[in-house]
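Computed from a predicted structure; not experimentally measured. Hydrogens, waters and symmetry mates play no part in the numbers below; they use all other heavy atoms, side chains included. Both ligands and their constituent atoms are indexed starting at 1 by order of listing.
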Amino acid sequence: MAVGSRLTHVIESQQFSRSTLEELFARSEEIKREPHRFMTRLNGQVMAALFYEPSTRTRLSFEAAMMRLGGWTMGTDNAREFSSTAKGETLEDTIRIVSGYADVIVLRHNEEGAARRAAAVSSVPIINAGDGPGQHPTQALLDLYTIKDELNRIDGIRIAMVGDLANGRTVRSLAYLLSKFKDIKIWFVAPPQVAMRDDLKAHLTEHKVPWVETEDLDAVLPEVDVVYQTRIQKERFTDQEAYQALKGVYRIDNRTLGLMRKYAIVMHPLPRVDEIAPEVDADPRAAYFRQAHNGLHIRMALLDRVLG
Ligand code: CP
């Protein structure tokens with residue numbers, strides 16, 4: 001989906017080349033350093049944010065990014081209730097209409113594959129802001145940038161992905177991006193009920209990225225540079241008893257911090273519930289708030305690339 005130096009639709013992590021990632025990160029740093037140079041970049045352009053699932057970070061950082069580049073935003077959150085979806089309109093028809101009003105559409109949807117369906121009928125770029133348990137590629141961009149920013153490298157990283165991996169679109173998108181780098185090793189730490197799906201593991205094997213599956217978080221913590229903790233996603237469970245059985249299965253707290261390397265970092269896409277204790281926030285290795293803040297400049301760089 002990359003056309004020359006521009007990106008058209010942003011649907012999945014696999015579409016990013018390593019050189020495009022490096023250019024986006026460099027542009028993001030330039031924007032952060034000299035924001036005044038970019039204040040009018042997208043003057044007169046309009047971003048529509050269509051959110052069919054709740055969001056704090058993705059929605060507001062995209063809106064802030066567009067406004068800080070001089071553009072305008074419009075949209076609907078809770079689109080299942082507050083857009084004409086509630087009257088029975090299909091996603092495809094909604095996209096056909098909104099693409100006549102906006103220059104770019106940022107779409108979060110509850111169904112895996114929704115962004116691809118939207119891209120098939122849209123006359124403007126679609127940016128996937130999370131499609132059910134599918135992917136969340138712009139989260140992966142800021143996650144990968146955070147790893148580089150915090151540890152000064154991506155090649156050679158050892159990372160534990162922890163928690164609800166079956167439903168975790170952020171871990172899927174990040175793993176796809178990591179497979180473009182050298183000497184990566186991934187530990188998938190999850191109970192069997194929410195283990196990483198086979199398609200992603202097959203992709204890693206095909207790209208010669210070693211991965212290990214385990215339920216033993218304590219054994220993995222001393223081995224890794226990054227602990228990527230995730231929430232057990234209550235909203236993806238049809239059986240609430242099954243959710244209750246898994247809730248709180250892995251918790252990062254002062255005890256588990258003690259098992260980690262001195263320079264290793266704790267990441268989380270957020271929101272967190274109880275899987276990272278508040279006592280961890282004061283530890284310099286807690287990178288999750290810095291990670292969320294990186295979303296602003298990464299999304300500015302992305303919008304600049306898609307629309308600039
Ligand atoms: N990480 C993330 O996607 O957060 P929101 O659901 O708040 O957008």
Side-chain angles (χ1 to χ4, degrees), residues 10-13 16 24 28 47-68 73 75-82 104-112 114-115 118 126-147 149-150 159 161-178 194 226-237 243 252 265-276 280-281 286-303:
V10 176
I11 305 299
E12 61 184 16
S13 285
F16 288 91
L24 275 172
S28 170
M47 181 190 91
L50 298 182
F51 276 61
Y52 292 72
E53 283 191 331
S55 171
T56 297
R57 279 145 290 273
T58 311
R59 167 93 196 253
L60 294 180
S61 64
F62 260 117
E63 290 198 3
M66 190 66 184
M67 290 190 281
R68 285 173 185 272
T73 71
T76 172
D77 48 18
N78 199 358
R80 278 190 275 183
E81 194 179 337
F82 296 136
V104 61
I105 298 173
V106 177
L107 175 69
R108 171 167 291 187
H109 202 276
N110 48 299
E111 290 171 15
E112 186 166 353
I126 297 288
I127 298 180
N128 181 3
D131 60 335
Q135 284 216 29
H136 193 348
T138 70
Q139 175 73 41
L141 294 176
L142 74 93
D143 290 345
L144 193 68
Y145 175 78
T146 300
I147 292 172
D149 193 45
E150 297 277 332
I159 180 169
M161 295 180 168
V162 184
D164 189 348
L165 305 184
N167 297 307
R169 57 194 176 201
T170 69
V171 285
R172 288 174 61 77
S173 287
L174 180 57
Y176 278 120
L177 284 192
L178 285 169
V194 287
V226 179
V227 178
Y228 192 102
Q229 174 70 306
T230 66
R231 177 177 63 94
I232 303 288
Q233 296 185 39
K234 184 178 184 183
E235 65 275 24
R236 308 268 179 237
F237 284 76
Y243 165 71
I252 305 295
I265 55 170
V266 180
M267 295 176 64
H268 192 307
L270 304 179
R272 69 171 154 182
V273 185
D274 52 10
E275 62 279 0
I276 298 180
V280 176
D281 298 356
Y288 33 91
F289 295 126
R290 297 190 292 274
Q291 176 188 352
H293 288 151
N294 287 335
L296 174 65
H297 297 107
I298 287 291
R299 289 179 171 125
M300 286 175 80
L302 186 70
L303 286 170

I would like to know whether Asp143 and Gln291 meet side-chain hydrogen bond (donor to acceptor under 3.5 Å, both in side chains); could you show each step before the answer?
-> CA-CA 7 Å; Asp143 290 345; Gln291 176 188 352; 2.7 Å; yes
Numbering the atoms of ligand 1 from 1, which are under 4.0 Å from a heavy atom of [X]?
X: Leu270; value: 1 (N), 2 (C), 4 (O)
X: Thr56; value: 5 (P), 7 (O), 8 (O)
X: Gln139; value: 1 (N), 2 (C), 3 (O)

side-chain contact (heavy atoms from CB on, under 4.5 Å) between Val194 and Phe237, intermediate numbers included | CA-CA 10 Å; Val194 287; Phe237 284 76; 3.9 Å; yes
Can you find an N/O atom of Arg59 closer than 3.5 Å to an N/O atom of ligand 1?
-> no
Within-cut-off N or O pair, Pro269 and ligand 1, under 3.5 Å = yes
Under 3.5 Å: donor-acceptor pair, side chain of Gln229, backbone of Glu275 | yes
Indicate, as side chain, backbone, both or neither, the part of Thr170 found under 4.0 angstrom from ligand 1 when only non-hydrogen atoms are considered.
-> neither
Minimal heavy-atom distance between Thr230 and Asp164, with the atoms involved, is OG1-N, 3.1 Å
Applying side-chain hydrogen bond (donor to acceptor under 3.5 Å, both in side chains), run through His268 and Arg231 and close with a yes or a no.
-> CA-CA 8 Å; His268 192 307; Arg231 177 177 63 94; over 6 Å; no
Any side-chain heavy-atom pair from Asn128 and Thr138 closer than 4.5 angstrom?
-> no
For atom 3 (O) of ligand 1, which candidate among His268, His136, Arg169 holds the nearest heavy atom?
-> His136
Is there a heavy atom of Arg108 sitting under 4.0 angstrom from any atom of ligand 1?
-> yes
Closest protein heavy atom to atom 4 (O) of ligand 1, given as residue, atom name and distance to 0.1 Å | Arg57 NE, 3.1 Å
Does the distance from a Lys or Arg side-chain N to an Asp or Glu carboxylate O, for Arg80 and Glu111, drop under 4.0 Å?
-> no
